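Along the sequence shown, the residues carry numbers beginning at 1. As the structure lists them, so they are numbered: ligands from 1, and atoms in each ligand from 1. Just so it is clear, the model here is predicted, and its values are computed rather than measured.
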Amino acid sequence: MEIRELITKPSSVQRKALLNKEVSAVELTEAVYSQVENVDGQIGAYNSLTKEFALETAKKVDEKLQKGEDIPPLAGIPLALKDNINLKSYPTTASSKILENFISPYDATVTKKLKSNLIPIIGKANLDEFAMGSSNENSAFKIVRNPWNLKKVPGGSSGGSAAAVAAGEATIALGSDTGGSIRLPASYCGLVGLKPTYGRVSRYGLIAFASSLDQIGPITRNVEDAALLLNVISGYDEKDSTSLNQASSDFTKDLNNTLKGTKIGYIKELCSEGLSEDVSKYIQKSLEMYKSMGAEIVEISLPLIKYSIAVYYIVATAEASSNLARFDGVKYGYRTKNAENLYDMYVKTRAEGFGEEVKRRIMLGTYALSSGYYDAYYKKAQQLRRLIKNDFDNAFSKVDVLLSPTCPHTAFDIGSKVEDPLSMYLTDIATITANLAGIPAMNIPLGLDKDKMPVGLQLQANCLNENKLLNVAFKLEEVVQFNYSIPSMTLV
Ligand code: GLN
């Protein structure tokens with residue numbers, strides 16, 4: 001296989017080529033960098049490249065292969081790292097002016113794990129500033145374009161991670177998901193994206209947005225790669241106080257189990273009104289496919305979903321306002337050049353350093369937490385969050401997996417929602433409840449709509465049931481046979 005084609009394949013194909021010595025890890029990495037050179041001017045997936053590190057890692061893989069030593073399952077497989085995750089000695093900007101010149105003084109726990117698994121990190125992937133957004137238009141540096149159609153958004157906030165994988169600028173990627181930021185871009189770019197159970201993956205070294213919701217997870221070309229990458233990044237970490245003390249598990253082990261007797265609940269509130277015609281058609285088709293595989297299909301009602309956007313945008317902004325207090329021009333990054341006194345320095349640094357959406361959220365969050373409004377907003381939102389979690393507990397006493405679209409529609413045009421934050425927030429209707437409830441959830445592609453844009457299916461399972469979730473996704477993937485080859489325009 002030509003190397004230009006090889007870089008568009010999932011890891012299993014690339015690994016075989018590495019093990020058979022058809023290609024070296026250095027050659028594979030270099031081929032990905034030439035793809036970056038060819039297409040990233042149009043796509044904008046990367047904020048910065050980490051070439052020296054990637055090639056050093058690839059060289060280590062080649063040395064091992066030459067000596068006939070075993071290599072870890074994802075060794076030598078090029079990865080895009082979202083630019084809110086620390087990689088020591090390289091910039092971590094969160095796509096914010098306030099961190100534009102910040103160099104990571106340490107590795108995130110997930111980064112350490114990538115390193116010990118000899119995974120070459122190609123670069124730091126663009127995102128919405130501080131992961132706040134659904135379209136990647138909130139980056140302080142540049143927008144990201146969807147490789148399937150350059151006029152469309154790639155989804156956010158992990159838009160760079162997803163676009164990189166879709167455009168052959170990486171084989172696998174890490175994103176972070178606070179309310180859908182892995183699943184939405186995966187859906188818009190025709191990829192698999194998994195938000196693990198809260199606490200499954202360490203948040204140490206991830207720039208915090210809303211700490212009770214944030215999780216790091218994989219964006220990949222198929223389900224097997226998502227399972228393999230979850231194997232690498234998951235596990236207990238004493239550096240993260242919310243890390244779950246779970247024995248490590250092999251997330252590939254249940255792939256391909258039969259679905260006979262598996263109960264799949266479609267979420268009534270997300271599968272009926274407000275869907276585009278094509279999304280609705282594909283959802284119906286997926287239900288039929290599951291039925292023919294022997295799964296039992298049940299209707300599940302989650303009536304509190306109608307409050308979820310309101311609840312999320314109170315909880316997330318409240319936590320963000322507190323987390324972002326640390327960016328004050330003293331400890332990290334940008335400091336204003338023209339301050340008269342200390343107070344002035346704080347105010348100007350933050351006024352100049354943060355973008356509009358981030359400021360909007362800090363204001364909303366500070367308001368929701370203020371003593372006069374705390375009971376009316378923050379406390380109410382937390383109470384509703386508990387009720388939403390109860391609804392899920394109830395649903396999972398009846399079914400194994402919940403099914404819905406990841407988004408009611410496919411990727412939208414760049415610029416079409418940016419002036420109207422509320423309509424942007426509405427794109428998160430199907431994804432944010434999983435973060436509020438802490439459960440694992442993923443996107444898998446179903447096919448293309450009439451405009452040739454990918455349609456995504458969301459599957460959700462109860463806490464710590466990633467094995468089951470991945471298997472249910474895997475079985476559908478086999479039948480759907482979505483074409484993962486990168487959109488042809490990017491091969492120029
Ligand atoms: N779109 C949501 C938001 O803007 C989710 C973001 C995320 O998951 N990081 O908050």
Derivation of the salt bridge (charged side-chain N to carboxylate O under 4.0 Å, His left out) call for K115 and D107: CA-CA 10 Å; K115 285 184 173 178; D107 276 329; 2.7 Å; yes
Using heavy atoms and a cut-off under 4.0 Å, could you grab the residues that are in contact with ligand 1, chain by chain, numbers ascending? A131, M132, G133, S134, S157, D177, T178, G179, G180, S181, F209, Y312, Y313, R361, D428
Summary of salt bridge (charged side-chain N to carboxylate O under 4.0 Å, His left out) pairs that have at least one residue in residues 450-472, sequence neighbours excluded: R200-E466, D400-K468
Sidechain-backbone polar pair: S95 side chain, S139 backbone, donor-acceptor under 3.5 Å: no
From the options K82, R183, K195, select the one residue that forms a salt bridge (Lys or Arg N to Asp or Glu O under 4.0 Å) with D177. R183
All pairs passing ring-ring contact (aromatic ring centres under 6.0 Å, His included) where residues 423-472 contributes a residue, at least two apart: Y313-Y425
Sorted by chain and number, sequence neighbours left out, side-chain hydrogen bond (donor to acceptor under 3.5 Å, both in side chains) with R385 holds for S212
